[in-house]
Amino acid sequence: MAGIFKAYDIRGIVGKELTQAMAYKIGRALVTFLRRKGGQCRNVVVGRDVRMHTEPLFAALVKGIREQGANVMDIGKVSTPMSYFANGALNVDASVMITASHNTAEWNGFKLCRRSAEPISGKTGLKDIERIVEQEAFAPTTQLGTLTRKNVLAAYAKHVAKFTCPKRPLHIAIDFANGMGIWEAQALKGLMTWDALYGTPDGWFPNHAADPLTYTTLKDVQTKIRDSKGHYAFGVAFDGDADRAGFLDEKGRIIPGDLITALIAQDLLEKHKGAKILYDVRSSWAVKEAIEKAGGTAIACPVGHSGIKQTMRKEDAVFAGEVSAHYYFRDNYVAESQAMAILTVASIVEKKGKPLSELIRPLRKYCPSGEINSHVNGDPQDVIKNVLDKVLTKEKGGKVSTLDGVSVEFQNWWFNVRCSNTEPIVRLNLEAKSKALMTEKRDEVLAIIRG
């Protein structure tokens, strides 16, 4: 199956790796898997993005689900956060979002959840579903499920508005990248106003890749903000399925996702005294410090939405955020809602009466390297072990964590090295208390990684 079953979802190039026949089998396998695990699978929500091959994949997937005896609720074209909301709000047994997120136009895929929007990942069922597909080991059934259509936009908008709302609408710039943020932003209507870039749905993504972590894609929205000379309170750039949102301040400066995590956490801790907040292992020291200063409990966790959501449930955390600009809310069924994130940032700006750049400035305390990827020869795990051995031989007193890859923390700097889930790549994140030290240590660690 050409490796389409990834760590967190199913994804491949349509027509080569991912076909309609495969989508049909995945539909049957999902229902079979959930029923074999002792649960039920009577009703499945299915949403989808605007890619050109989504509709045929949708038809094949739904055929498989129905032929396996489960009912399908078609929620139409939606953002991924809306699909999570629909899963929880409609009290169904499972959901599927047809999307390849930020991947280019030739890709598509499926994000699977069981009840309560709980992700089905490689560790929690995707490998089992893959085996069922490979063996065509579908449970026998004679019942044909029904197909109904449900519009969840109004309910999602009402849900988001109950979470938080600025007292006066702020005006912002949004780069939709022709993707599903166009739907996610509908929940903001009447609460905020915006000027759009690339606000026409187009599954070919003709203007630029729908990936706010690739900072070159943010040039157009940066220019729009800067040319406006203070017209916008801030800027937002969505990824393809709108489960990520990159933020820019009113001057067009990019704000890393971990600092937005800290900003939102501080606000939520005013309402939820002493609450638990999660942040991923790549995050700045400033995040943990901000959470604890605001009276919260800061919990580091591995990168990736499946593990984060699992930990949020276990710890009953109110919020979590990643450097990659995923923002998770307990109040959205422990899942992403970028509409909630945007409204929260707007409410903070309005409430504090300060520009976003000023609110973020105290959090820009340290000097991060950003994530640096290195292709390596041999086993990436061996490379990481070599990094750990050589760094600790040279510099004593490092505090080591193996929560995700290897993190080592010293008094004036820290780093994390992790493997890619799919490629022979080692990812480095490093931060120091000065730019000179960051540069020095970054180059040292990279030299070890790259041999």
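As the structure is a prediction and not an experimental result, all values here were calculated from the model.
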J.: Is there a donor-acceptor contact under 3.5 Å linking the side chains of D49 and T99?
T.: yes

J.: Who are the ring-ring contact (aromatic ring centres under 6.0 Å, His included) partners of F319, not counting sequence neighbours?
T.: F329

J.: For H171, check ring-ring contact (aromatic ring centres under 6.0 Å, His included) against everything at least two apart and list the hits.
T.: H231, Y232

J.: Enumerate the side-chain hydrogen bond (donor to acceptor under 3.5 Å, both in side chains) contacts for residues 251-261, please, sequence neighbours excluded, ordered by first and then second residue.
T.: none

J.: Would K385 and D389 pass as an ion pair if we require N to O under 4.0 Å?
T.: yes

J.: Assess, by modelled atom type and distance only, whether the side chains of T200 and N178 contain a donor and an acceptor separated by less than 3.5 Å.
T.: no

J.: Evaluate the side-chain proximity of E118 to R313: yes if any heavy-atom separation is below 4.5 Å, no if none is.
T.: yes

J.: Can a donor-acceptor pair be found between the side chains of T344 and S347 at a distance below 3.5 Å?
T.: no

J.: Quiz question: by atom type and distance under 3.5 Å, do the side chains of T80 and D241 form a donor-acceptor pair?
T.: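 A pair is found: one side chain offers a donor N or O, the other an acceptor, under 3.5 Å apart.
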
J.: Search all heavy atoms of A173 against all heavy atoms of V221 and return the closest pair with its distance.
T.: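 Looking at all heavy atoms of both residues, the closest pair is CB-CG2, 4.2 Å.
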
J.: Are a donor atom and an acceptor atom from the side chains of R442 and S369 found within less than 3.5 Å of each other?
T.: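 No pair is found: no donor N or O on one side chain lies under 3.5 Å from an acceptor on the other.
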
J.: By the salt bridge (charged side-chain N to carboxylate O under 4.0 Å, His left out) test, which pairs, at least two apart or in different chains, include something from residues 153-171?
T.: none

J.: Tell me, do Y328 and V334 make a side-chain contact under 4.5 Å, heavy atoms counted?
T.: no

J.: Taking the side chain as every heavy atom from C-beta outward, state whether F163 and L343 have any atom pair closer than 4.5 Å.
T.: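 No; the side chains remain at least 4.5 Å from each other.
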
J.: Which pairs with one or both residues in residues 79-114 pass ring pair (Phe, Tyr, Trp, His ring centres under 6.0 Å), sequence neighbours excluded?
T.: F85-Y156, F85-H159

J.: Sequence neighbours excluded, which residues qualify as ring-ring contact (aromatic ring centres under 6.0 Å, His included) partners of F415?
T.: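 F415 satisfies ring-ring contact (aromatic ring centres under 6.0 Å, His included) with W413 once adjacent residues are dropped.
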
J.: Using a 4.5 Å cut-off on heavy atoms from C-beta on, say whether the side chain of K433 contacts that of C367.
T.: no

J.: Would you say that M82 contacts V152 through its side chain, given a criterion of any heavy-atom pair below 4.5 Å between the two side chains?
T.: yes

J.: Charged N to carboxylate O under 4.0 angstrom, E55 versus R48?
T.: yes

J.: Only pairs at least two apart or in different chains count here, so list each salt bridge (charged side-chain N to carboxylate O under 4.0 Å, His left out) that has a residue in residues 272-283.
T.: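 Listed by first then second residue: K276-E315, D280-R282, R282-E322, R282-E371.
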
J.: Please verify the inter-ring angle class for Y327 with F247; under 30° counts as parallel, over 60° as perpendicular, anything in between as tilted.
T.: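 Y327 vs F247 ring planes: perpendicular.
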
J.: What pairs with S407 under side chain to side chain contact (heavy atoms under 4.5 Å, CB included), at least two apart in sequence or on another chain?
T.: V281, S401, N416

J.: Should I172 and D195 count as side-chain neighbours, where that means a heavy-atom distance under 4.5 Å?
T.: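 SC-SC contact between I172 and D195 ruled out.
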
J.: Measure across G398 and V408 and return the closest heavy-atom pair with its distance rounded to 0.1 Å.
T.: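 Where G398 meets V408 most closely, the heavy atoms are CA-CG1, 3.9 Å.
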
J.: Can you measure from OG1 (T402) to CD1 (I384) and round to the nearest 0.5 angstrom?
T.: 11.0 Å

J.: Do S357 and D249 pass the side-chain hydrogen bond (donor to acceptor under 3.5 Å, both in side chains) test, and can you show the C-alpha distance, the side-chain angles, and the key distance before you say yes or no?
T.: CA-CA 5 Å; S357 61; D249 67 22; 4.6 Å; no

J.: Shortest non-hydrogen contact from Y279 to A298?
T.: CE2-CB, 3.7 Å

J.: Going from CZ on R361 to CG on L356, what distance comes out if it is rounded to the nearest 0.5 angstrom?
T.: 11.0 Å

J.: Cationic tip of K441 within the cone over W414's six-membered ring, i.e. under 6.0 Å and within 45° of the normal?
T.: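 Here K441 fails the 6.0 Å and 45° test against W414.
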
J.: Output all residues satisfying side chain to side chain contact (heavy atoms under 4.5 Å, CB included) with L213, sequence neighbours left out; order by chain, then residue number.
T.: D211, R244, S324

J.: List the atom of P212, the atom of T217, and the distance in Å for their closest heavy-atom pair.
T.: CA-OG1, 4.1 Å

J.: Would you say the side chains of E289 and Y366 form a donor-acceptor pair under 3.5 Å?
T.: yes

J.: Quick test of your reading of the model: are D404 and R418 salt-bridged, counting only N-O distances below 4.0 Å?
T.: yes

J.: For the side chain of S284 and the backbone of V287, is there at least one donor-acceptor N/O pair under 3.5 Å apart?
T.: no

J.: Could you grab the distance from atom CD1 of I120 to atom CG of L126, nearest 0.5 Å is fine?
T.: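 One finds 7.0 Å between CD1 of I120 and CG of L126.
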
J.: Can you name the residues that form a ring-ring contact (aromatic ring centres under 6.0 Å, His included) with F205, not counting sequence neighbours?
T.: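 F205 satisfies ring-ring contact (aromatic ring centres under 6.0 Å, His included) with no other residue.
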
J.: Between R427 and N373, does a side-chain hydrogen bond (donor to acceptor under 3.5 Å, both in side chains) hold up when you go through it step by step?
T.: CA-CA 5 Å; R427 308 188 193 281; N373 294 328; 3.0 Å; yes

J.: Provide the closest heavy-atom pair for M192 versus P169 in the form atom of the first, atom of the second, distance.
T.: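 Minimum heavy-atom separation between M192 and P169: CA-CB, 4.0 Å.
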
J.: Surrounding CD of Q310 (heavy atoms of other residues, nucleotides or ligands, distance under 6.0 Å), is the total greater than 12?
T.: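 At most 12 heavy atoms, drawn from other residues, nucleotides or ligands, come within 6.0 Å of this atom.
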
J.: Does D74 reach the main-chain N or O of R149 with its side chain, forming a donor-acceptor pair under 3.5 Å?
T.: no

J.: Answer yes or no: is there a donor N or O on one side and an acceptor on the other, between the side chain of D202 and the main chain of W204, under 3.5 Å?
T.: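 Checking the backbone N and O of W204 against the side chain of D202, a donor-acceptor pair under 3.5 Å is found.
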
J.: Restricting to pairs with a member in residues 173-185, which pass salt bridge (charged side-chain N to carboxylate O under 4.0 Å, His left out), not counting sequence neighbours?
T.: none

J.: Dump the intermediate steps for side-chain hydrogen bond (donor to acceptor under 3.5 Å, both in side chains) on D243 and S79, then the final yes or no.
T.: CA-CA 7 Å; D243 67 351; S79 66; over 6 Å; no

J.: So, do W183 and P201 sit near enough that their side-chain heavy atoms are less than 4.5 Å apart?
T.: yes

J.: Distance from W194 atom CH2 to L170 atom CG, nearest 0.5 Å?
T.: 12.5 Å

J.: What is the minimum heavy-atom distance between P368 and M438, and which atoms define it?
T.: O-CE, 3.8 Å

J.: Report yes if the side chains of L34 and V44 come closer than 4.5 Å at any heavy-atom pair, otherwise no.
T.: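 Side-chain contact under 4.5 Å: no.
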
J.: What distance do N87 atom CG and I75 atom CD1 have between them, rounded to the nearest 0.5 Å?
T.: 9.0 Å

J.: Can you list every pair that meets salt bridge (charged side-chain N to carboxylate O under 4.0 Å, His left out) and has a residue in residues 331-353, with sequence neighbours left out?
T.: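 Checked against salt bridge (charged side-chain N to carboxylate O under 4.0 Å, His left out) - neighbours excluded - the pairs reaching residues 331-353 are D267-K351, E270-K351, E270-K352, K309-E336.
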
J.: For N91 and R115, which I'm curious about, is there any donor-acceptor pair between the side chains at under 3.5 Å?
T.: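 Indeed, the side chains of N91 and R115 share at least one donor-acceptor pair under 3.5 Å.
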
J.: In terms of side-chain heavy atoms, does T104 have a donor or acceptor partner in E106 at a distance below 3.5 Å?
T.: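 Present: a donor and an acceptor within the cut-off.
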
J.: Would you give the length of the straight line joining atom CG of L248 to atom CD1 of I360, rounded to the nearest 0.5 angstrom?
T.: 11.5 Å

J.: Consider only side-chain N and O atoms of N103 and R11, and report whether a donor and an acceptor are under 3.5 Å apart.
T.: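 Judged by distance alone, the side chains do pair up.
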
J.: Do K189 and Q186 have a side chain donor and acceptor closer than 3.5 Å?
T.: yes

